[in-house]
K.L.:
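Handing you this structure, nothing more for now.
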Number of protein chains: 2
Amino acid sequence: MHDTLEAFAIQLIDLSHPEPDGSRRLIPERELCARLDVSRGALRERLSQLEYIGVLSRRQGHGTYLQAPGPDVIRTYFTTMRALGFLDSTEIAEAREMLETVVAVQAARRATAADAERLRALVDEMVACTAAGDHDAATEADLAFHAGLFRIVDNPVFTMVHTGLAYALQQAMHERRARAIAAETPDADGRTETDTIHYPVVDAIAANDPDAARDAIRRHFEIHSLITLDTAEEAPA
Amino acid sequence: MHDTLEAFAIQLIDLSHPEPDGSRRLIPERELCARLDVSRGALRERLSQLEYIGVLSRRQGHGTYLQAPGPDVIRTYFTTMRALGFLDSTEIAEAREMLETVVAVQAARRATAADAERLRALVDEMVACTAAGDHDAATEADLAFHAGLFRIVDNPVFTMVHTGLAYALQQAMHERRARAIAAETPDADGRTETDTIHYPVVDAIAANDPDAARDAIRRHFEIHSLITLDTAEEAPA
DNA sequence: GGAGGGAGATTGGTCAGACCAATGTTGACA
DNA sequence: TGTCAACATTGGTCTGACCAATCTCCCTCC
């Protein structure tokens, strides 16, 4: 078992059979051991690594499957690094904002009218939730809006990284949003600045105007940044 | 062992002792099993996951250490996904170019004169290598230049992601560069377009001009893109 | 005949103990 | 004092067994 993980993974393809849903079912672990001439313990160590990165799932009493990883594959990666103090929230938040900026610009280049409408609907929903006092739902809609930007650009690497960063920041984002809401004075329509700042982003994307999108998302982060939210974490070292 | 990986990792901190180099040495596996009330096999499955993401290293006959992950932690992640066909080179290349674009812009905001000089030296070296006919060394210098952009911005998330993407593209990049060099006609100084296109990036960064940096890096990718390099890969499904 | 349920098979999850392999440590010997 | 062999430490692997969740199939009962 001194192969690289990718070499090991490739071997598994030949030791599996296709399923109707597009995944591939591996032969049972005990057979795999025999075929690869390795003990079950060593095999399971490798399988658990592949499971960790989301390309493999195991169900007791059912089987083991090779599958396309979901968008949250990188999630545990960042949350673990953050939990151990090897990344702090400031660094994660900074990366997220730079990522969203470039994605908003790219989305403005690529968005169809339908894409823009979907985005606008999400902002409308967020505003409605805020007006109704349901801040948790509003935060959900907020997250959906940002995920929507990535959906337009439709690059799996960016989507995975962004999803992972969003998870790692989730706690901080909820707290920050609650604080922002509390500090803001709603206008006549019950909208907070946090809500309305999203519309220029939608407008720019609907107009396919990358430069306007860059300005709008930048203004958004100016009043809604998570950077420097908490820097008091300490590394375990 | 139904904890999340980050919860498990946090437990380990208390079961380790600091080392002079800043890492933390875990107590032996057999003791860990007893303390965590779990079998060695199950424990090792978890440890191998942490090892995979680079926050833990194991040396036979030596010990197990918690450590800060290096910049290449995400490498196996992308290479494995690519090997299994869940990511293709086009997607990886696109992400890399968008990432480098935003990083070049940010670098232009933050770069000191010393930063810019380091970058310029790398391009000079690349040009010298090309002129001397050492295309491998030139490619190395090229990679170092792009890594240098990330060093200026100094965000560990971006650095990790970029390093991982670069690894996953390494083969493709070498091939592409060899092809580009072969197709180009050097100018009077023996410089190819691939070489000289880097200087405007350095100039923009030295001038702390983000907009110029964006234009320069975009022009760079227009003649040096890896996107659509190969799209003939097939998913194992 | 159809629905429900239980026995058994399948398969991943865990455990225990042993031995192998690499590394570090100690102390005897030249 | 330097060298090296024996031993201790520690991660790496193997074997075989049993547990737990799930599925399959057939029997029973309505």
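Atoms considered below: every heavy atom in the structure, side chains included; atoms not considered: hydrogens, waters and symmetry mates. First the proteins, then the strands, lettered A, B, ... as listed; each starts at 1.
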K.L.:
Using whole Å, what does the distance between atom C1' of nucleotide dT14(C) and atom CG of L32(B) come to?
P.N.:
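After rounding, the gap between these two atoms is 17 Å.
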K.L.:
Rounding to a whole Å, what distance do you find between E29(B):CD and dG12(D):C1'?
P.N.:
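These atoms are roughly 8 Å apart.
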K.L.:
Would you indicate what G63(A) reaches in the nucleic acid, counting non-hydrogen atoms under 4.0 angstrom: base, sugar-phosphate, or nothing?
P.N.:
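If one applies the 4.0 Å heavy-atom cut-off, G63(A) turns out to touch the sugar-phosphate alone, with no base involved.
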K.L.:
Using a 4.0 Å cut-off on protein heavy atoms (strictly under), produce a 5'-to-3' string for nucleotides 3-9 of chain D with B for base contact, S for backbone-only sugar-phosphate contact, and - for none.
P.N.:
------B
K.L.:
Rounding to an integer number of Å, can you tell me how far R40(A) CZ sits from dC15(C) C1'?
P.N.:
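Taking atom C1' of dC15(C) as the reference, CZ of R40(A) is at 11 Å.
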K.L.:
Which nucleotide wins on minimum distance to the side chain of V38(A), given the candidates dC14(D), dT14(C), dG11(D)?
P.N.:
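The answer is dC14(D), which lies nearest to the side chain.
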K.L.:
Return the nearest nucleotide to the side chain of R58(A); candidates are dC14(D), dC23(D), dG13(C).
P.N.:
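Given the options dC14(D), dC23(D), dG13(C), the side chain of R58(A) is closest to dG13(C).
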K.L.:
Quick one: R59(A) CZ to dA21(D) P, roughly how many Å, whole number?
P.N.:
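That distance rounds to 14 Å.
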K.L.:
Return the set of residues passing ring-ring contact (aromatic ring centres under 6.0 Å, His included) with F158(B) (not counting sequence neighbours), or none when no residue passes.
P.N.:
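In terms of ring-ring contact (aromatic ring centres under 6.0 Å, His included), with neighbours along the sequence ignored, F158(B) is linked to no residue.
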K.L.:
Quick one: on DNA chain D, does Q60(B) or D37(A) contact a more 5' nucleotide (nearest heavy atom)?
P.N.:
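The residue whose closest nucleotide sits nearer the 5' end is Q60(B).
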K.L.:
Salt bridge check: are R110(B) and E94(A) linked by an N-O gap of less than 4.0 Å?
P.N.:
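E94(A) and R110(B): salt-bridged.
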K.L.:
Using whole Å, report how far CZ of R30(B) lies from P of dC15(C).
P.N.:
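Atom CZ in R30(B) sits about 16 Å away from atom P in dC15(C).
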K.L.:
Distance check needed: dG13(C) C1' versus D3(B) CG, whole Å only.
P.N.:
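After rounding, the gap between these two atoms is 15 Å.
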K.L.:
Using a cut-off of strictly less than 4.0 Å, decide whether S39(A) has a side-chain nitrogen or oxygen near OP1 or OP2 of dT13(D).
P.N.:
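For S39(A), the contact criterion (side-chain N or O under 4.0 Å from OP1 or OP2 of dT13(D)) is not met.
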K.L.:
Calculate the interatomic distance between E51(B) atom CD and dG11(D) atom P; express it in whole Å.
P.N.:
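Atom-to-atom, E51(B) to dG11(D), this comes out as 12 Å.
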K.L.:
Counting any heavy atom closer than 4.0 Å, what does R44(A) reach on the DNA or RNA strands: base, sugar-phosphate only, or nothing?
P.N.:
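Base, at least one base heavy atom under 4.0 Å.
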K.L.:
Just grab all the salt bridge (Lys or Arg N to Asp or Glu O under 4.0 Å) pairs involving residues 152-166 of chain A, residues at least two apart or on different chains.
P.N.:
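Passing the test, one end in residues 152-166 of chain A: no pairs.
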K.L.:
In whole Å, what is the span from the OH atom of Y65(B) to the C1' atom of dT23(C)?
P.N.:
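Interatomic distance, OH of Y65(B) to C1' of dT23(C): 10 Å.
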K.L.:
Taking NZ, NE, NH1 and NH2 as the nitrogens, is one of them in E45(A) or R40(B) under 4.0 Å from a carboxylate oxygen of the other?
P.N.:
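Salt bridge absent between E45(A) and R40(B).
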K.L.:
I need the single residue from R46(A), R44(A), R35(A) that forms a salt bridge (charged side-chain N to carboxylate O under 4.0 Å, His left out) with E29(A). Which is it?
P.N.:
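Exactly one option meets the salt bridge (charged side-chain N to carboxylate O under 4.0 Å, His left out) with E29(A), and it is R44(A).
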K.L.:
Parallel, tilted or perpendicular: which describes the rings of F221(B) and H146(B), with under 30° parallel and over 60° perpendicular?
P.N.:
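Plane angle under 30°, so parallel.
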K.L.:
Would you call the rings of F145(A) and H198(A) parallel, tilted or perpendicular, taking 30° and 60° as the class edges?
P.N.:
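F145(A) vs H198(A) ring planes: perpendicular.
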